[in-house]
**Student:** 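Pasting a structure here, questions to come.
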Amino acid sequence: MKKHTKKLNKQSGCIWDIVVLAILFFCTIIQGAYFPGGIVAVAFAEIVVCILRRVRLNKGHIPMIVFCIWHFVCSVKSGFVIEYAAKGLLPVAVFLLYLLHSEVVENKEGFKTNFLKVSAVFAAISVIMCVANSISFMNIQRSSFPLGYSNVTGILFGILFLIALKEQDKFLKKAKYVFALALVLTQSVGAILV
């Protein structure tokens, strides 16, 4: 009975991870990485999932909580503007994603695999968009999807490529080539060198 309950909890944790990742990537596709609506939507979704999963804070989280509060206060100190307040929630969104990931220890590998698979789809979209733009402009264009900046996007795909190198999953063994191509198409020399 205990094994069955543990398996259900593990599957439930995996489902919540996928829900948060789907919302995170959906908001990125709709608005880009730095737009306030996407940040608020992701943070709200993470808060709901944290409550449903009964995620608890501990003393080790205090420095990050203080940083999140400080960053939010700095964002709104010269006046409460929704755009700046939303961007002030970015560390909160990242911290909550960390909490959700670290809460279910048995599911870390599953979370990473799901994250890489979703990211591979984004890398493929990035490659297709870059090729389409290059054909329409009759000139090689720099890829900047999904983060809106070629250098930042290059760093993202570079990190994903390095993580995917060690994966044994058949899909991810092929996905590493998509990450590498997406990285090269950003034409970010700094990201490639790093």
**Student:** Sequence neighbours left out, cut at 3.5 Å: what donor-acceptor pairs do the side chains of residues 64-76 make with other protein atoms?
**Tutor:**
unit_1, atom_1, unit_2, atom_2, d
H71, ND1, G88, O, 3.3
S75, OG, H71, O, 2.8

**Student:** Would you mind reporting whether S119 and F179 have side-chain heavy atoms less than 4.5 Å apart?
**Tutor:** yes
**Student:** Would you name the heavy atoms of S150 and S188 that are closest together and state the gap between them?
**Tutor:** O-CB, 4.0 Å
**Student:** For Q187, enumerate each residue passing the side chain to side chain contact (heavy atoms under 4.5 Å, CB included) test, keeping only those at least two apart in sequence or located in another chain.
**Tutor:** I140, R142
**Student:** Which heavy atom of F171 sits nearest to which heavy atom of K117, and what is that distance?
**Tutor:** CD2-CG, 3.7 Å
**Student:** With a 3.5 Å cut-off and no angle check, do the side chains of S126 and S143 form a donor-acceptor pair?
**Tutor:** yes
**Student:** I'd like to know if the side chain of S134 and the backbone of Q141 have a donor-acceptor N/O pair within less than 3.5 Å.
**Tutor:** yes
**Student:** Applying the 4.5 Å side-chain criterion to the ILVMFWY set and letting contacts propagate, would L172 and I159 be lumped into a single cluster?
**Tutor:** yes
**Student:** Give, for atom SG of C130 and atom CG of L181, the distance between the pair rounded to the nearest 0.5 Å.
**Tutor:** 8.5 Å
**Student:** Taking all non-hydrogen atoms of both residues into account, name the closest pair between K173 and E167 and its distance.
**Tutor:** CG-O, 3.8 Å
**Student:** Taking side chain as C-beta onward, heavy atoms only, is L185 less than 4.5 Å from V127?
**Tutor:** yes
**Student:** To the nearest 0.5 Å, tell me how far D169 CG sits from K174 NZ.
**Tutor:** 10.5 Å
**Student:** State the CG-CD1 distance between L183 and I192, to the nearest 0.5 angstrom.
**Tutor:** 5.0 Å
**Student:** Given T186 and N151, is the side-chain contact (heavy atoms from CB on, under 4.5 Å) satisfied, shown in steps?
**Tutor:** CA-CA 7 Å; T186 63; N151 294 332; over 6 Å; no
